[in-house]
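Notes follow once the structure below has been shown.
Indexing begins at 1, ligand by ligand and atom by atom, following the structure's order.
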Amino acid sequence: MPASVPSPRPVRLGLYGGTFDPVHHGHLIGARDALEQARLDAVVWIPCAQSPHKPGAAPTPAADRLALLRKALAAVGEPRFVISTIEISQPAPSYAIETVLTFRSVFPDAELFWIVGADQVAKLGTWKDAAALHRLVTFLVMDRPGTGRDRRLPKGQRVVALPSPRVVGISATEIRHRVKAGLPIGHLVPGPVAAHIAKRKLYR
Ligand code: ATP
């Protein structure tokens, strides 16, 4: 290649793992901010089979969580939001390191990021093969109401705070509790997600 032709920059992939039980506006706002602020080429939403961080709680069947995620992303209409079924097609639990190693082998030249909420930061060191994981990805940490920001970030690691001024204090736990209590959730999730939860009688 002649010296005057700039080589293309590596593709920047944001891997966004979670239980997404159900996906909600907090997830969508955070993913949008990560996409734009970290100049990602794509956010790959990766629903887990079962989070190693939530061993006691069996999640809603993966097929339902996946259907909710598909409906949420269709409602948003962002072509750079894509879903990977890599974790839900494997037996639980889902470990980020294994997922990241697969992405690394499929996209050897990509720059890999792992998107997490600020509530996860204090626990990052306990993730399986944490040191190897930190060599493979840069963590993008979204604000999350109720948790601190930069002062909580581990020093010397590839961890970047994402200021996310619109992020809202929504959790999937709150949504599940509201559904169980018969309270509305239409303001917390995209309309098609609320409709699917009602139709499938989830979280009752
Ligand atoms: P639960 O209430 O069941 O624990 P959750 O709402 O935290 O669920 P997860 O699927 O566990 O949702 O979250 C996936 C990722 O999204 C995690 O990194 C989490 O920190 C982050 N996240 C969840 N909700 C928000 C939010 N409102 N703002 C920013 N990040 C969030």
Counting from 1, what ligand 1 atoms have a heavy atom of [X] closer than 4.0 Å?
{"X": "Thr173", "answer": "1 (P), 2 (O), 3 (O), 4 (O)"}
{"X": "Val116", "answer": "18 (O)"}
{"X": "Gly18", "answer": "10 (O), 14 (C)"}
{"X": "Gln120", "answer": "18 (O), 20 (O)"}
{"X": "Arg176", "answer": "3 (O)"}

With side chains defined as the heavy atoms from C-beta onward, is the minimum distance between Phe103 and Leu15 less than 4.5 Å?
-> yes

Can you label the angle between the Phe20 ring and the His27 ring as parallel, tilted or perpendicular, going by 30° and 60°?
-> perpendicular

Give the ring-plane orientation class for Trp127 versus Trp114, where under 30° counts as parallel, over 60° as perpendicular and anything between as tilted.
-> perpendicular

Contact check, [X] vs ligand 1, heavy-atom distance below 4.0 Å:
{"X": "His24", "value": "yes"}
{"X": "His25", "value": "no"}
{"X": "Gly17", "value": "yes"}

Could you see which bit of Asp119 sits under 4.0 Å from ligand 1, with heavy atoms only: side chain, backbone, both or neither?
-> side chain

Minimum heavy-atom separation for Ile185 to Arg178, with atom names?
-> CG2-CB, 3.8 Å

Exceeds 12 heavy-atom contacts within 6.0 angstrom, atom CZ of Arg70 | no

Flag yes if more than 12 heavy atoms outside Arg12 fall under 6.0 Å of its CZ atom; otherwise flag no.
-> yes

Please check whether [X] reaches ligand 1 - meaning an N/O of the residue sits under 3.5 Å from an N/O of the ligand, judged on distance alone.
{"X": "Ile115", "value": "no"}
{"X": "Asp21", "value": "no"}
{"X": "Ala172", "value": "yes"}
{"X": "Ile170", "value": "yes"}

Lys/Arg cation over aromatic Tyr203: Lys180, 6.0 Å, 45° cone | no

Carefully, step by step, assess Arg9 and Asp109 under the rule salt bridge (Lys or Arg N to Asp or Glu O under 4.0 Å).
-> CA-CA 9 Å; Arg9 69 170 174 82; Asp109 300 322; over 6 Å; no

For salt bridge (Lys or Arg N to Asp or Glu O under 4.0 Å), just list the numbers for Glu98 and Lys128, CA-CA rounded to whole Å, side-chain angles, deciding distance to a tenth of an Å, and then say yes or no.
-> CA-CA 9 Å; Glu98 286 158 16; Lys128 187 180 175 209; 2.8 Å; yes

